[in-house]
Structures are given as C-alpha cells and as structure tokens.
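What follows is a single structure, written as structure tokens, with notes after it.
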Amino acid sequence: MEHLISDLSPKGETARCDIAHRVTGLINRLGRTLHCLQFSEGLNPAQWEALRYFARANRYSRTPSALADYLGTTKGTVSQTIKALEAKGLVDRVPHNRDRRAVLLQTTPAGDATLQRDPMKRIELLAGDLVDELPAARDFLQRLVSGLQENEATSGFGVCKECTHFCKNAVGLEAEAPHRCGLTGDPLTQGDSAKICVNHHCAPS
C-alpha cells in the first residue's frame with residue numbers, strides 16, 4: 001500500500017483508484033447490512049439511532065433539534081421518531097434546566113434494557129476479533145467521516161473530553177465533577193466527559 005501512495009505514475013494512480021473504489025463498495029455493503037440488522041426489537045434503523053443518541057448524548061444535546069442535526073434529517077421526521085419511542089416507553093421528556101420552553105429527552109429503564117439487545121453489538125463482537133487492526137481502522141474511518149462532515153458543513157458531535165472547550169481537572173471544582181466546560185462554565189463529571197456533545201469543537205489540524 002505504501003508504495004502505491006508514493007507512486008505518481010499513471011499505473012500507480014489507477015491502483016489507488018481501484019483500492020478507493022473497492023473500499024467505498026465495502027463501506028456501502030456494510031451500511032446496507034447494518035441497516036437490515038436494525039429492523040429488530042420492534043424498532044426501525046432511525047429509532048435505533050435515536051435511542052442510542054439519547055443514551056450517549058450529554059445534557060446540552062438531548063433535544064429534538066440536536067437529534068435532527070446528528071441524524072442529518074428534518075425536525076418533522078425526528079418528531080415522528082421520538083413519538084414512536086415515547087409510545088413504546090423507551091424515552092421520556094424532562095424539563096430543560098435552562099429553557100422552560102424546551103424539553104430534554106432521556107432513555108427510560110426499558111430503553112436502557114432494549115439497548116442491551118442492540119443489534120449493533122453483533123458487529124462490535126466481530127470487530128473485537130480484529131483487535132490488532134482496530135486502531136488503524138478507527139483512524140481511517142474517523143478521517144473519512146470528518147472529511148465528509150467538513151464538506152457538508154455538518155456538526156461533528158464529538159466526545160466531550162476530546163473537545164477544545166474541555167477543561168480537565170479544573171481547579172476549585174467538586175471531586176464528583178472535577179472537569180469544566182469552557183463554553184458554558186458548567187462542571188463536568190467523568191461520565192459527562194465520555195458523552196457526545198452538539199457543541200463539540202476540534203482543534204485545527
């Protein structure tokens with residue numbers, strides 16, 4: 001692979017294009033397979049994505065509009081997805097702590113139990129068997145996703161502790177919440193730091 005990267009000849013360019021075409025085809029096949037797997041537990045793929053999102057998102061991000069941005073869809077479509085999850089007893093609404101006009105969504109105990117049977121866990125188990133290849137695969141896919149998000153001007157929704165706003169072990173905070181969000185000033189627990197955030201910002205590369 002390395003010799004292809006440095007090969008600027010027409011033959012090398014053709015080989016790179018062939019590899020890129022093959023990788024794109026495999027990603028597409030994987031996506032179709034994952035889509036089919038997520039028609040389970042009485043849920044469809046969009047409902048699974050929303051349920052996972054509400055379980056992983058932090059307190060700034062569990063809103064219908066943030067979910068719409070995360071899924072790259074309309075607020076109307078997201079509204080129908082949320083209504084379906086509420087009807088199944090998998091998510092419920094709680095008051096927003098800063099905006100009385102807004103609500104936050106959170107998973108219920110039934111929603112958390114359903115996530116334990118998430119069909120994506122089958123893929124995680126298969127990926128776990130390729131442990132030596134996972135770091136390179138993760139980095140490749142992350143760069144690919146980041147490039148697409150940059151081209152489409154969409155939010156990255158990264159993990160809190162990987163954000164430029166994250167202040168680790170900020171002085172003077174409680175032991176239960178040793179970190180701080182530099183954007184909002186709010187204290188953050190260890191659990192908060194592992195959640196995804198709508199306000200995530202990456203340092204320039």
Side-chain angles (χ1 to χ4, degrees), residues 34 38 45-75 77-79 81-82 85-86 90-109 111-112 114-116 118 120-121 124 134-135 137-205:
L34 294 179
Q38 292 177 94
Q47 292 162 2
W48 272 115
E49 285 287 349
L51 189 61
R52 292 186 200 105
Y53 176 80
F54 290 132
R56 294 187 58 212
N58 65 13
R59 60 183 178 271
Y60 312 118
S61 311
R62 296 195 306 272
T63 64
S65 60
L67 175 63
D69 288 342
Y70 182 76
L71 297 180
T73 189
T74 66
K75 293 181 180 179
T77 299
V78 157
S79 177
T81 298
I82 291 173
L85 293 176
E86 287 182 294
L90 303 181
V91 301
D92 57 19
R93 298 172 184 253
V94 295
H96 197 291
N97 60 344
R98 291 185 173 179
D99 186 350
R100 287 181 296 179
R101 298 168 300 175
V103 295
L104 298 177
L105 283 299
Q106 65 181 16
T107 56
T108 64
D112 294 334
T114 299
L115 284 168
Q116 293 302 310
D118 188 341
M120 291 289 280
K121 290 182 180 294
E124 292 176 11
L134 285 180
R138 176 202 59 206
D139 294 344
F140 167 76
L141 291 172
Q142 181 60 63
R143 290 196 298 270
L144 194 60
V145 170
S146 296
L148 287 172
Q149 289 172 336
E150 183 177 345
N151 289 339
E152 299 297 324
T154 56
S155 176
F157 281 85
V159 175
C160 175
K161 63 184 177 182
E162 298 171 357
C163 176
T164 57
H165 300 306
F166 180 67
C167 302
K168 183 178 181 180
N169 297 326
V171 177
L173 296 180
E174 297 292 335
E176 294 80 9
H179 314 305
R180 178 171 58 83
C181 174
L183 182 65
T184 66
D186 292 336
L188 300 168
T189 66
Q190 291 284 48
D192 291 331
S193 69
K195 291 185 176 292
I196 55 177
C197 183
V198 66
N199 298 319
H200 183 273
H201 184 264
C202 289
S205 56

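Heavy-atom basis, side chains included; hydrogens, waters and symmetry copies ignored.
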Of the non-hydrogen atoms in F54 and V91, which two are nearest, and what is the gap between them? CD1-CG1, 4.0 Å

Less than 4.5 Å apart, any side-chain heavy atom of E162 and any of H200? yes

CG of L51 to CG of L115: how many Å apart, nearest 0.5 Å? 4.0 Å

So if I apply the side chain to side chain donor-acceptor pair (under 3.5 Å) rule between Y60 and each of D192, N199, T184, which one comes out positive? T184

Pair I196-Y70, side-chain contact (heavy atoms from CB on, under 4.5 Å): steps then yes or no: CA-CA 10 Å; I196 55 177; Y70 182 76; 4.0 Å; yes

Measuring from K168:NZ to L188:CG, what's the distance to the nearest 0.5 Å? 13.0 Å

May I have the step-by-step check of side-chain contact (heavy atoms from CB on, under 4.5 Å) for L104 and R93, ending in yes or no? CA-CA 6 Å; L104 298 177; R93 298 172 184 253; over 6 Å; no

Residue pair P187 / R59: nearest heavy atoms and the distance that separates them: O-NH2, 2.9 Å

Counting C-beta onward and ignoring hydrogens, is there a side-chain heavy-atom pair between P64 and K75 closer than 4.5 Å? no

What is the distance from atom OG1 of T63 to atom CG of L105, rounded to the nearest 0.5 Å? 8.0 Å

Keeping the roles fixed (side chain from T108, backbone from L90), state whether a donor-acceptor pair exists under 3.5 Å. yes

Only one of T114, L85, I82 passes side-chain contact (heavy atoms from CB on, under 4.5 Å) with Q47; say which it is. L85

Using 0.5 Å steps for rounding, measure from the NZ atom of K121 to the CD atom of E124. 5.5 Å

C160 and S193 have their tightest heavy-atom pair at CB-O, 3.4 Å

Return the set of residues passing salt bridge (charged side-chain N to carboxylate O under 4.0 Å, His left out) with R56 (not counting sequence neighbours), or none when no residue passes. none

What distance do D186 atom CG and C167 atom SG have between them, rounded to the nearest 0.5 Å? 11.5 Å

Does T189 offer a backbone N or O that forms a donor-acceptor pair with the side chain of H179 under 3.5 Å? no

Got a second to check how far W48's CH2 is from T81's OG1, nearest 0.5 Å? 14.0 Å

For K195 and A55, indicate whether the former's side chain and the latter's backbone hold a donor-acceptor pair under 3.5 Å. yes

